[in-house]
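Reading through the structure tokens given below for one structure.
Starting from 1, each residue takes its place in the sequence as its number. Keep in mind that the numbers below use all heavy atoms, side chains included, and drop hydrogens, waters and symmetry copies.
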Amino acid sequence: MENLAKSEIAKTFEERRAQFTPYGFTCEIWTPKIMGKFDRHNEVEINFVPSGTLTYLIHDRTITIPGGRVAMFWGLYPHRIINVEDIDYYYVITVPLGIFLKWHLSSAFIDKVMKGEVIVDREPYELDSILFRQWHDDCERNKDLEDIVRSEVHCRVRRLEKSGSNPATMPISSYESSMYDHIERMAMFISANYDKNMSVIKVADHVGLHPDYASSIFKRVFGHTISEHIAIERIAKAQRRLLFSSDSISAIAYEVGYESLSSFNRAFKKLTGIPPRAYRTQISTSR
């Protein structure tokens with residue numbers, strides 16, 4: 001294990017931090033800490049755990065990152081650390097979604113990330129301890145090197161991509177690349193306002209695009225429509241409420257933005273395969 005000075009291990013999750021507050025492009029050393037609340041941000045997050053294990057609750061799934069592996073997920077999915085074992089520190093890189101989408105990775109790989117999959121290296125890469133330490137030092141001591149760090153992180157993500165996705169898949173087009181800032185803003189707008197009276201027109205207006213065009217570029221990146229993304233956000237929130245609260249199903253339905261219990265039940269079953277009452281029973285008996 002590297003010998004790191006305590007002064008260098010300064011970052012911990014701030015419980016008072018507001019959801020959706022951007023991190024920007026960062027490469028930092030963090031001390032492991034059980035998180036009392038979910039974090040959400042619009043960057044793709046890359047973790048490297050030199051040793052030990054780090055366990056997240058991401059949405060309603062537990063994901064354990066083993067030592068010596070790189071893991072990546074989209075931070076817009078609610079996530080919090082629920083367990084740490086034999087770990088003194090770990091590295092955290094955050095990459096704004098717009099930058100990540102411009103890296104021309106395969107559509108299959110992007111689809112996995114956008115749908116909430118946590119991508120973990122199948123095997124350790126022996127240079128990671130050196131690379132992550134160098135990227136941290138470069139970002140801390142010389143901001144002029146940030147572009148170089150981004151390029152090197154991009155290459156490391158491509159290595160991660162090859163270990164977990166089909167290399168024959170075609171990358172998304174440069175035409176879409178010019179619209180990534182709009183896509184990023186639409187995704188953030190939906191995540192921050194899904195519980196309100198949302199529509200495709202409102203989302204498109206937020207970024208100054210025609211609804212048809214906004215829907216087209218959104219679906220080509222995410223693989224589902226804006227309306228479906230609104231439903232995904234709502235049902236994901238409902239699943240967490242069913243998991244962590246004893247509120248009635250009707251109260252949860254209205255809380256996440258549905259105007260009727262019947263429409264909530266239909267949407268919930270469509271996305272999860274079971275009605276909300278059965279979901280609550282299932283998670284209660286599995287604890």
Side-chain angles (χ1 to χ4, degrees), residues 1-58 63-100 103 113 118-121 124-125 127-160 184 188:
M1 182 182 295
E2 299 172 52
N3 183 19
L4 299 177
K6 289 185 177 180
S7 61
E8 294 179 297
I9 311 176
K11 304 292 183 180
T12 56
F13 178 67
E14 175 52 64
E15 299 285 347
R16 293 174 294 179
R17 183 179 185 276
Q19 286 193 340
F20 308 115
T21 302
Y23 285 100
F25 182 85
T26 66
C27 183
E28 299 173 332
I29 296 172
W30 283 58
T31 50
K33 175 185 177 183
I34 305 300
M35 295 165 59
K37 58 176 282 190
F38 284 101
D39 192 17
R40 299 189 76 181
H41 53 86
N42 204 27
E43 291 87 2
V44 172
E45 183 168 330
I46 302 168
N47 289 179
F48 173 58
V49 180
S51 63
T53 61
L54 190 66
T55 300
Y56 279 97
L57 178 64
I58 298 183
I63 305 292
T64 297
I65 303 173
R69 308 292 178 86
V70 169
M72 185 176 72
F73 57 90
W74 187 21
L76 206 59
Y77 285 89
H79 56 281
R80 62 187 179 97
I81 295 171
I82 59 172
N83 190 48
V84 296
E85 292 186 7
D86 301 321
I87 172 174
D88 296 321
Y89 67 95
Y90 65 108
Y91 290 93
V92 176
I93 294 177
T94 54
V95 182
L97 183 63
I99 294 174
F100 172 76
W103 281 351
V113 177
V118 180
I119 313 295
V120 182
D121 262 330
Y125 181 50
L127 295 179
D128 277 333
S129 291
I130 298 171
L131 289 172
F132 276 80
R133 179 57 192 255
Q134 186 64 57
W135 294 333
H136 167 265
D137 290 349
D138 287 345
C139 288
E140 282 286 304
R141 300 169 188 171
N142 191 345
K143 292 298 182 182
D144 292 337
L145 295 176
E146 187 172 298
D147 286 343
I148 295 174
V149 173
R150 287 187 190 182
S151 297
E152 292 176 351
V153 171
H154 173 201
C155 292
R156 182 61 183 88
V157 170
R158 289 184 63 191
R159 180 178 290 274
L160 180 62
E184 182 177 12
M188 180 67 86

*Considering all heavy atoms, the nearest L57-I82 contact*: CB-CG2, 3.8 Å
*Is it true that D121 and R159 make a salt bridge, defined as a side-chain N closer than 4.0 Å to a carboxylate O?*
no
*With Y77 via ring pair (Phe, Tyr, Trp, His ring centres under 6.0 Å) - residues at least two apart*: W74
*Do the non-hydrogen side-chain atoms of L160 and M72 ever get within less than 4.5 Å of each other?*
yes
*State whether a side-chain donor-acceptor pair under 3.5 Å links T53 with T64.*
no
*Note, H41 side chain near P22 side chain (heavy atom, < 4.5 Å)*: no
*Output every pair passing salt bridge (Lys or Arg N to Asp or Glu O under 4.0 Å) with a member in residues 21-37, not counting sequence neighbours, ordered by first then second residue.*
K11-E28
*Would you say the side chain of I93 lies within less than 4.5 Å of the side chain of V153, judging by non-hydrogen atoms?*
yes
*T21 side chain to R17 main-chain N or O, any donor-acceptor pair under 3.5 Å?*
no
*Answer yes or no: is there a side-chain heavy-atom contact under 4.5 Å between L54 and N47?*
yes
_F48 versus V70, closest heavy-atom pair with distance_ = CD1-CG2, 3.9 Å
*In terms of side-chain geometry, is the basic nitrogen of R150 or E146 positioned less than 4.0 Å from the acidic oxygen of its partner?*
yes
*Is any side-chain heavy atom of Y91 closer than 4.5 Å to a side-chain heavy atom of P50?*
yes
*asked:* Is it the case that the side chain of E152 and the backbone of W135 share a donor-acceptor pair, with hydrogens and angles ignored and the cut-off at 3.5 Å?
replied: no
*What's the spacing between L145 CG and C139 SG if we round to 0.5 Å?*
8.5 Å
_Is there a side-chain contact between T55 and I81 in this structure, where contact means two heavy atoms from C-beta onward sitting under 4.5 Å apart?_
no
*Does NZ or CZ of R40 fall inside the cone over F20's six-membered ring, less than 6.0 Å from its centre and within 45° of the axis?*
no
*asked:* Is the shortest side-chain heavy-atom distance between V157 and W103 below 4.5 Å?
replied: yes
*Quick one: do the T94 and T26 side chains pair a donor with an acceptor below 3.5 Å?*
yes
*Can you name the nearest heavy-atom pair linking F38 to P78, along with the distance?*
CD2-C, 3.5 Å
_Nearest heavy-atom neighbours spanning V120 and R69_ = CG1-CB, 4.1 Å
_Where I87 and P32 come nearest, the two heavy atoms and their spacing_ = O-CG, 3.4 Å
*Output the distance between atom CD1 (I63) and atom CZ (F73), rounded to the nearest 0.5 Å.*
10.0 Å
_Looking at every non-hydrogen atom in both residues, tell me the closest pair between E184 and N42 and how far apart they are._
CG-ND2, 3.0 Å
*To the nearest 0.5 Å, what is the distance between CG (L131) and CZ (R156)?*
7.5 Å
*With the threshold set at 4.0 Å, does a side-chain nitrogen-carboxylate oxygen contact exist between D138 and R133?*
no
*asked:* With a sphere of 6.0 Å drawn around CZ of R158, does it hold more than 12 non-hydrogen atoms of other residues, nucleotides or ligands?
replied: no
*Separation between OG of S51 and CG of D88, rounded to the nearest 0.5 Å*: 6.5 Å
_Residues that F25 engages under ring pair (Phe, Tyr, Trp, His ring centres under 6.0 Å), provided they are two or more places apart_ = none
*Does E85 reach the main-chain N or O of G52 with its side chain, forming a donor-acceptor pair under 3.5 Å?*
no
*Y89 OH to H136 NE2 distance, which is reported to the nearest 0.5 Å*: 11.0 Å
*asked:* Side chains of F100 and V113, heavy atoms from C-beta outward: is any pair under 4.5 Å?
replied: yes
_Check this for me, if you would: do R80 and D39 make a salt bridge, where the nitrogen-to-carboxylate-oxygen distance has to be below 4.0 angstrom?_
no
*Ignoring hydrogens and geometry, is there a side-chain-to-backbone donor-acceptor pair from E43 to E45 under 3.5 Å?*
no
